[in-house]
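All remarks here apply to the structure that follows.
Reckoned from all heavy atoms, side chains included, excluding hydrogens, waters and symmetry mates.
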Amino acid sequence: MYTKKLIDFIEGDLKAIKDNGKYKNERAIEGAQGAHVSVGGKDVIMFASNNYLGLANHPKLIAAAKEGMDKFGFGTASVRFLSGTQTIHAELEKRIAKFIGTEDVILYSTNFMSNLGLFATLVNEPFGSTEPYKDVIYSDANNHASIIDAFKLCKKENLDKRIYKGGDIAMLEQFLEEDKEKNYRNKIIVTDGIFSMEGVAANLPKLALLAEKYEALLFVDDAHGVGVMGETGRGTPEAQGMLGKIDVISGTLGKALGGAIGGYVGGRKSLIDLLRQKSRTYLFSNAVPASIANAGLAAFDLLEGDTSLTQKVKENAAYFRKKLEENNLPTLNGNHAIVPLMIGDATKAQELSKKLFENGIYAIALSFPVVPEGEARIRFQVSALHTQKDLDETVEKIVELYHK
């Protein structure tokens, strides 16, 4: 039952969130995702979506989703190892593996689930073993929440966590050097490819060198990189000359590749097979619907046949970032479609976001715990569908409202 004590706790926590300017309101979009959307009958320019390539409403993906549903049905009503594996799943896994440069791939319901499933499998004890062990994870402080939560599924007594400052390779190397003589079973370096709150990339070549030198596994979550980074959209590894050279990669179909659901882990075949046998977020979750899988294949068809959308989103992001800088608006260096406007104070960020929305610009303020305390920002996510007019109008409104 809801006791008074519990109700007071819930309502008190909500009040504290609101009082600190960190309450998140959800706006209902009337229609499909796009460069412009309708909210409450009002047309606004959308900058709060991961729809980097504009595929969320692409007619070829919609047609492919319908085709997948017509052939394979609405859902599997089963997990993969029972009766939930359809030929379309195996086809998509092979396609993703080839695209991202790994031996094999396993599909999950979301990339959040793929990260949870990977670390809970890798770091916990082998099947039937009672031998003592200790693993160590070296994690970038700016890694995604799914990675942070994944560590919580690992037994504390068997895991050491070393958190290095965002992108600080020297600090990471210091940790690795300090641990060189320790008898760890496994060492794992963990990083995002593109950090989702900053729009900056990890230095994968240097991380790979450290992984080789200290005999560590290198894991990269490239959810925001695939489709956007690299000449052909194969992600942050391609952009940095590391395609096929990353030990383990996770990613998603839920951002640039159509914006629906579906995550994946790519790596050595034996690792992927182990995940199929032990990963609880895979074993106990229904298979990705065939409509999503078939649309995913269509997304790869588009990317492999034409890189113009990948090039366009890069051009748009570079133009938008340049316009902000020309107007002395504080942002972060980067070459991704995520362009943060740094505010600092959470309440001010919320107020500016609200004013922008009132003026036809849909961009969300982000504050603690999503970003570090005192580093509130408004994150602009640029799409290949945005026109130069969209970008110019947006910068004009930011300039007008920023100093008010």
Side-chain angles (χ1 to χ4, degrees), residues 32-33 49-72 76 80 85-111 113-114 193-194 220-240 242-246 248-267 269 272 287-314 336-337 383-385:
Q33 195 68 263
S49 167
N50 300 309
N51 188 27
Y52 299 122
L53 302 182
L55 298 183
N57 196 33
H58 196 288
K60 289 187 178 179
L61 268 67
I62 294 172
K66 292 177 179 177
E67 179 188 356
M69 193 178 296
D70 288 342
K71 183 175 181 180
F72 292 97
T76 64
R80 289 284 297 272
T85 297
Q86 297 170 315
T87 54
I88 193 75
H89 296 116
E91 184 180 354
L92 179 58
E93 286 169 336
K94 289 178 182 177
R95 189 70 172 275
I96 296 173
K98 182 179 179 182
F99 191 79
I100 65 173
T102 60
E103 286 185 2
D104 202 358
V105 153
I106 180 173
L107 281 172
Y108 285 81
S109 57
T110 67
N111 196 38
M113 292 297 103
S114 68
I194 298 294
V220 177
D221 179 337
D222 206 33
H224 287 272
V226 67
V228 180
M229 302 298 289
E231 286 300 310
T232 62
R234 283 172 165 78
T236 312
E238 181 189 26
Q240 299 186 9
M242 297 297 292
L243 189 64
K245 299 176 183 178
I246 304 299
V248 187
I249 303 174
S250 73
T252 184
L253 304 176
K255 301 189 191 306
L257 302 177
I261 59 170
Y264 58 82
V265 173
K269 283 185 179 294
I272 302 307
V288 173
S291 55
I292 302 298
N294 208 47
L297 289 170
F300 287 112
D301 286 341
L302 285 170
L303 275 177
E304 292 174 351
D306 182 6
T307 62
S308 62
L309 290 175
T310 297
Q311 301 310 316
K312 181 61 177 176
V313 71
K314 291 177 184 175
H336 189 266
S383 170
L385 296 183

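Listed by first then second residue, pairs satisfying side-chain hydrogen bond (donor to acceptor under 3.5 Å, both in side chains) with a partner in residues 290-302 read R95-D301, not counting sequence neighbours. Legend: ring-ring contact (aromatic ring centres under 6.0 Å, His included) pairs involving residues 288-313, not counting sequence neighbours, sorted by first then second residue: F99-F300.
A donor-acceptor pair is defined here as one N or O able to donate and one able to accept, closer than 3.5 Å; no such pair exists between the side chain of H89 and the backbone of A293.
Taking each heavy atom of Y108 and V288 in turn, the nearest pair found is O-CG2, 3.3 Å. What you find for T310 and G227 is that their closest heavy atoms are OG1-O, 2.9 Å. The shortest non-hydrogen separation linking E238 to G233 is OE1-N, 3.4 Å. Here the closest non-hydrogen pair linking D222 and T236 is OD1-OG1, 2.5 Å. Here the shortest heavy-atom pairing between N111 and A223 reads ND2-CB, 3.6 Å. When every heavy atom of V265 is checked against every heavy atom of S114, the shortest pair comes out as CG2-CB, 3.7 Å.
Atom CG of L53 and atom NE2 of H58 lie 10.0 Å apart (nearest 0.5 Å). Remark: L92 CG to T87 OG1 distance equals 11.5 Å, nearest 0.5 Å. Separation of atoms CG (L302) and OG1 (T307) is listed at 12.0 Å; rounding is to 0.5 Å. To the nearest 0.5 Å, atoms CD1 (I272) and CG (L107) are separated by 10.5 Å. Here the straight-line distance linking atom NZ of K314 with atom CD of E231 works out to 5.0 Å at 0.5 Å rounding. Separation of atoms CG (L55) and CG (L309) is listed at 6.0 Å; rounding is to 0.5 Å.
Side-chain N/O atoms of H224 and Y52 include a donor and acceptor closer than 3.5 Å. For the residue pair Q86 and T76, no side-chain donor N or O sits within less than 3.5 Å of a side-chain acceptor on the partner. For the residue pair S383/N51, the side-chain donor-acceptor check at 3.5 Å is not satisfied.
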Can you check side chain to side chain contact (heavy atoms under 4.5 Å, CB included) on I62 and N57, steps first, answer last?
CA-CA 7 Å; I62 294 172; N57 196 33; 3.3 Å; yes
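More than 12 heavy atoms of other residues, nucleotides or ligands sit less than 6.0 Å from atom CD of E304.
Judged as a salt bridge (charged side-chain N to carboxylate O under 4.0 Å, His left out), and not counting sequence neighbours, the contacts of R80 are E93.
Here the options are T102, I96, V105, the test is side-chain contact (heavy atoms from CB on, under 4.5 Å), and the partner is I249; only T102 passes.
Considering only heavy atoms from C-beta on, I246 stays 4.5 Å or farther from I100 through its side chain.
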